[in-house]
Amino acid sequence: MQLGLIGLGKMGGNMRERVRRAGHEVVGYDTNPEVSDVESVQAMVDALQTPRVVWVMVPAGEVTRSVIADLADRLEPGDLVIDGGNSRFSDDAPNAELLGEQGVGYLDCGVSGGIWGLDNGYGLMVGGDAQHVELAMPIFDALRPEGPRDEGFVHAGEVGAGHYVKMVHNGIEYGLMHAYAEGYELLEKKDIVTDVPGAFKAWSRGTVVRSWLLDLMVKALEENPTMDDVSDYTADSGEGRWTVEEGIANAVPMPVISASLFARFASRQQVSPAMQAVAALRGQFGGHQVMTTAEGEDLRAEAAKGVASPEASEAKEEKKVDKPDSPAAASKGDAADAGPTSGTQSTGGSPGPTSGSGSTQ
């Protein structure tokens, strides 16, 4: 079978090679002439026999939409376009409608497997009409892992279903990754544990937490046991966000996936405005010292060396910023002068409203 493939990056290039290994002909196009098989999209289209099957593997969003719009002008009735990128599922219906006006079919295909897919195969999640799935099945069979088809491929439903399933897959991946990461940090902190990489490796057979992600964690720790010079800045592809948005839209509680997504956001902040506000509020209602940025960095560096009890942590905080002229120190005095509390009782000062439901009168 022939396949046209647009986009020959890390994923697309490996997919081209895997399909060729299965005995199919692939005509690939990329804007990088060093990896492209042909010099233009039209040359790719001309090299394919009808009905053509063209797989699009380019960045999600406007790039994918523009490529599909261009193909709508070049392809003929009976041809088929497959979007295998990380597109948002809501883009699929408009893409299918645009191509359908020209008599061209459309499938959306979520693809999982990363750089390991060339040798291991790719997990495929497809949305669209059954007749189009049947037309492209030789390509799906070439790309999926060896073994039973339903253990690496699913025709998940109508147009959009493939990308929706892949979106949820990535949301779950966020949560799994963060659980392993939190476990790693706890093991690193505990002084009686002296072989953290070994602990993860021991989980890789016979335990309920074994997985491919765990195997990759073991590999990462073998290469760099203490994560030396590894930045904690973590990007997100967008699919974790979309998963959380869909949880909200469908009233599905998703505390684990949401927390893992927000943790990625936190990793990008050198200074957290939210935690600055918390520190300021502690200073206002509890008289806790408010540190400068430099003082906070010093304490953060100390905390990284080992675990401190809440009492020890607070003692360090007080010692670090023991300034006689600090606003918090100056505010100490009668409770009656402190203003309203957050409860329902008056403090005995001015009868202003509280945040409770009772009257202060």
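The line from CD of Glu182 to CG of Leu187 is 12.0 Å long, rounded to the nearest 0.5 Å. In this structure, CG in Asn95 is found 8.0 Å from CZ in Arg65, a value given to the nearest 0.5 Å. In this structure, CZ on Phe140 lies 12.0 Å from CD on Glu134, to the nearest 0.5 angstrom. Rounded to the nearest 0.5 Å, atoms CG (Leu3) and CG (Leu48) are 7.5 Å apart. A distance of 12.0 Å separates CG of Leu143 from CZ of Arg21, quoted to the nearest 0.5 Å. We find the OG1-CG distance between Thr207 and Leu214 to be 6.5 Å, quoted to the nearest 0.5 Å.
The shortest distance between side-chain heavy atoms of Asn224 and Thr226 falls below 4.5 Å. With a 4.5 Å cut-off on side-chain heavy atoms, Asp83 and Val58 do not count as touching. Looking at Lys166 and Phe89, their side chains never come closer than 4.5 Å, going by heavy atoms from C-beta outward. The side-chain heavy atoms of Val111 and Leu124, taken from C-beta on, include a pair separated by under 4.5 Å. A 4.5 Å side-chain heavy-atom check between Thr243 and His169 finds every atom pair outside the cut-off. Asp150 places none of its side-chain heavy atoms less than 4.5 Å from the side chain of Val154. Put simply, the side chain of Glu97 does not reach to within 4.5 Å of the side chain of Tyr106, judged on heavy atoms. Between Ser260 and Met177, every side-chain heavy-atom pair lies at or beyond the 4.5 Å cut-off.
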| task | Start with the C-alpha gap between His132 and Val126, add the side-chain angles, then the distance that decides, and say whether side chain to side chain contact (heavy atoms under 4.5 Å, CB included) holds. | result | CA-CA 10 Å; His132 296 143; Val126 180; over 6 Å; no
| message | Before you tell me yes or no, could you show the steps for Trp55 and Met15 under side chain to side chain contact (heavy atoms under 4.5 Å, CB included), namely the whole-Å CA-CA distance, both residues' side-chain angles and the distance that decides it to 0.1 Å? | response | CA-CA 10 Å; Trp55 191 299; Met15 291 168 68; 3.5 Å; yes
| task | Could you walk me through whether Trp242 and Asn170 pass side chain to side chain contact (heavy atoms under 4.5 Å, CB included), step by step? | result | CA-CA 10 Å; Trp242 303 337; Asn170 279 29; over 6 Å; no
| request: Mind running side chain to side chain contact (heavy atoms under 4.5 Å, CB included) on Cys109 and Met125 for me, showing each step along the way? | output: CA-CA 5 Å; Cys109 182; Met125 299 139 266; over 6 Å; no
| message | Is there a side-chain hydrogen bond (donor to acceptor under 3.5 Å, both in side chains) between Asp37 and Tyr29? Walk through the geometry before answering. | response | CA-CA 6 Å; Asp37 298 322; Tyr29 171 74; over 6 Å; no
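Hydrophobic clustering places Met57 together with Ile139 (ILVMFWY residues linked when any side-chain heavy atoms are closer than 4.5 Å, directly or through intermediates). One hydrophobic cluster, built from ILVMFWY side chains closer than 4.5 Å, cannot hold both Leu186 and Leu176; they sit in different ones. No continuous path of ILVMFWY side-chain contacts below 4.5 Å connects Phe265 to Tyr233, so the two sit in separate hydrophobic clusters. The hydrophobic clustering, which links ILVMFWY residues whose side-chain heavy atoms are closer than 4.5 Å, places Leu107 and Ile68 apart. Ile82 and Val54 fall into different hydrophobic clusters, where Ile, Leu, Val, Met, Phe, Trp and Tyr are joined by side-chain heavy atoms under 4.5 Å apart, directly or via other members.
A pairwise comparison of heavy atoms in Leu5 and Met44 identifies N-SD, 3.8 Å as the closest pair. Residue Ala142 comes nearest to Ala22 through the heavy atom pair CB-CB, 3.6 Å, listed as atom of the first residue, atom of the second, then distance. Across Leu8 and Val35, no two heavy atoms sit closer than the pair CD1-O, 3.3 Å. Summarising the geometry of Pro77 relative to Gln102, their closest heavy-atom pair is CG-O, 3.5 Å, with the distance given to 0.1 Å. Taking all atoms of both residues into account, the shortest heavy-atom contact from Val256 to Gly175 is CG1-CA, 4.1 Å. Across Ile257 and Gly171, no two heavy atoms sit closer than the pair CG1-O, 3.4 Å.
Between the Arg18 side chain and the Arg144 main chain, a donor and an acceptor come within less than 3.5 Å of each other. For the pair Ser258 (side chain) and Met254 (backbone), a donor-acceptor distance under 3.5 Å is present. A donor-acceptor pair is defined here as one N or O able to donate and one able to accept, closer than 3.5 Å; such a pair exists between the side chain of Arg268 and the backbone of Arg264. For the pair Ser87 (side chain) and Ala60 (backbone), a donor-acceptor distance under 3.5 Å is absent. Side-chain atoms of Asp79 do not come within 3.5 Å of backbone N or O of Leu75 as any donor-acceptor pair. A donor-acceptor pair is defined here as one N or O able to donate and one able to accept, closer than 3.5 Å; such a pair exists between the side chain of Tyr180 and the backbone of Val209. In this structure, Arg241 contributes its side chain and Gly238 its backbone to no donor-acceptor pair below 3.5 Å. With hydrogens and angles disregarded, no donor-acceptor distance shorter than 3.5 Å links the side chain of His163 to the backbone of Gly84. A donor-acceptor pair is defined here as one N or O able to donate and one able to accept, closer than 3.5 Å; such a pair exists between the side chain of Ser267 and the backbone of Asp232. Between the side chain of Asp108 and the backbone N or O of Gly162, at least one donor-acceptor pair lies under 3.5 Å.
Atom CH2 of Trp116 is surrounded by 12 or fewer heavy atoms from other residues, nucleotides or ligands within 6.0 Å. In this structure, Asp228 places its CG atom where more than 12 heavy-atom neighbours from other residues, nucleotides or ligands lie under 6.0 Å away. For Glu39, the CD atom is loosely surrounded, since the number of other residues' heavy atoms within 6.0 Å does not exceed 12. Heavy-atom contacts from other residues, nucleotides or ligands closer than 6.0 Å to CD of Glu246 number more than 12. Heavy atoms from other residues, nucleotides or ligands lying under 6.0 Å from CD of Glu185 number 12 at most.
Among Glu25, His24, Arg52, the one residue that satisfies the side chain to side chain contact (heavy atoms under 4.5 Å, CB included) test with Gln2 is Glu25.
Between Arg88 and Glu239, no side-chain nitrogen of the basic residue sits less than 4.0 Å from a carboxylate oxygen of the acidic one, so the salt-bridge criterion is not met. Looking at Glu222 and Lys219, no side-chain N of the basic residue comes within less than 4.0 Å of a carboxylate O on the acidic one, giving no salt bridge.
Ring planes of Phe200 and Tyr184: tilted class, angle from 30 to 60°.
Using a 3.5 Å distance cut-off with no hydrogens or angles, the side chains of Asn14 and Lys10 do not pair a donor with an acceptor.
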